[in-house]
**Student:** 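Structure provided below as structure tokens; questions to follow.
What you see below is based on every heavy atom in this structure, not just the backbone, and it leaves out hydrogens, waters and symmetry mates.
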Amino acid sequence: MTEIEKYTDEDVKKVLIVNKSDLEDKTEVTPEDLERFSKEHGIPYMYTSAKNGYNVDKAFMKMTQELIKVRE
């Protein structure tokens with residue numbers, strides 16, 4: 001977040017993409033950690049897996065929707 005805030009303005013849209021959801025048994029970040037971070041920073045998040053394609057299209061759609069909101 002520090003780097004994002006350093007190099008962008010406060011109106012930049014953010015979406016946290018949690019990749020490798022197919023390896024959830026090896027994750028070091030708990031769902032509770034993600035929920036807390038999401039709420040604390042006001043950022044939506046999505047689980048994805050590039051390996052099996054889970055939610056990849058939805059992640060791009062979510063980012064696109066956030067960008068369209070900026071233009072409206």
Side-chain angles (χ1 to χ4, degrees):
M1 289 305 299
T2 302
E3 293 296 307
I4 292 170
E5 291 167 357
K6 181 177 177 180
Y7 294 107
T8 63
D9 64 37
E10 62 188 40
D11 295 328
V12 70
K13 297 296 181 188
K14 299 174 270 305
V15 177
L16 178 59
I17 306 299
V18 185
N19 195 25
K20 300 194 180 280
S21 65
D22 55 292
L23 300 175
E24 66 183 65
D25 59 324
K26 296 181 181 182
T27 186
E28 295 181 16
V29 178
T30 67
E32 294 81 17
D33 291 336
L34 288 170
E35 187 66 30
R36 186 174 32 258
F37 185 89
S38 174
K39 285 183 180 178
E40 181 179 322
H41 296 284
I43 303 172
Y45 66 94
M46 298 182 68
Y47 286 96
T48 65
S49 171
K51 182 178 182 178
N52 62 24
Y54 176 73
N55 269 351
V56 172
D57 289 344
K58 288 182 182 179
F60 280 100
M61 290 300 293
K62 179 66 175 171
M63 290 186 287
T64 302
Q65 289 167 347
E66 293 297 321
L67 290 171
I68 289 170
K69 287 180 192 176
V70 170
R71 300 194 79 145
E72 294 179 340

**Student:** Could you go step by step and tell me if V12 and E5 meet the side chain to side chain contact (heavy atoms under 4.5 Å, CB included) rule?
**Tutor:** CA-CA 9 Å; V12 70; E5 291 167 357; over 6 Å; no

**Student:** Apply side-chain contact (heavy atoms from CB on, under 4.5 Å) to K62 and list each qualifying residue two or more places apart in sequence or on a separate chain.
**Tutor:**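 Here the qualifying residues are V15, P44, M46, Q65, E66.
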
**Student:** Restricting to side-chain hydrogen bond (donor to acceptor under 3.5 Å, both in side chains), what partner residues turn up for E35, sequence neighbours left out?
**Tutor:**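 Counting only residues at least two positions away or on another chain, E35 forms a side-chain hydrogen bond (donor to acceptor under 3.5 Å, both in side chains) with Y45.
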
**Student:** How long is the gap from OH on Y47 to CG on L16, to the nearest 0.5 Å?
**Tutor:**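 One gets 9.0 Å once the value is rounded to the nearest 0.5 Å.
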
**Student:** Around atom NZ of K14, are there more than 12 heavy atoms from other residues, nucleotides or ligands closer than 6.0 Å?
**Tutor:**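 Result for NZ/K14: enclosed.
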
**Student:** Applying ring pair (Phe, Tyr, Trp, His ring centres under 6.0 Å), name anything that partners F37, two or more places apart in sequence or on another chain.
**Tutor:**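 Ring pair (Phe, Tyr, Trp, His ring centres under 6.0 Å) check on F37 returns H41.
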
**Student:** Tell me whether T8 contacts the main-chain N or O of I4 through its side chain, where contact means a donor paired with an acceptor under 3.5 Å.
**Tutor:**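 It does hold such a pair.
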
**Student:** Can you tell me how far CZ of F60 sits from CG of N55, rounded to the nearest 0.5 angstrom?
**Tutor:**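 One gets 12.0 Å once the value is rounded to the nearest 0.5 Å.
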
**Student:** Mind checking the CG-CD1 spacing from L34 to I43? Nearest 0.5 Å is all I need.
**Tutor:**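 Output value for this atom pair is 11.0 Å.
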
**Student:** Quick check: closest heavy atoms across S49 and V56, and the distance to 0.1 Å?
**Tutor:**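 Closest approach of S49 to V56, heavy atoms only: O-CG2, 3.5 Å.
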
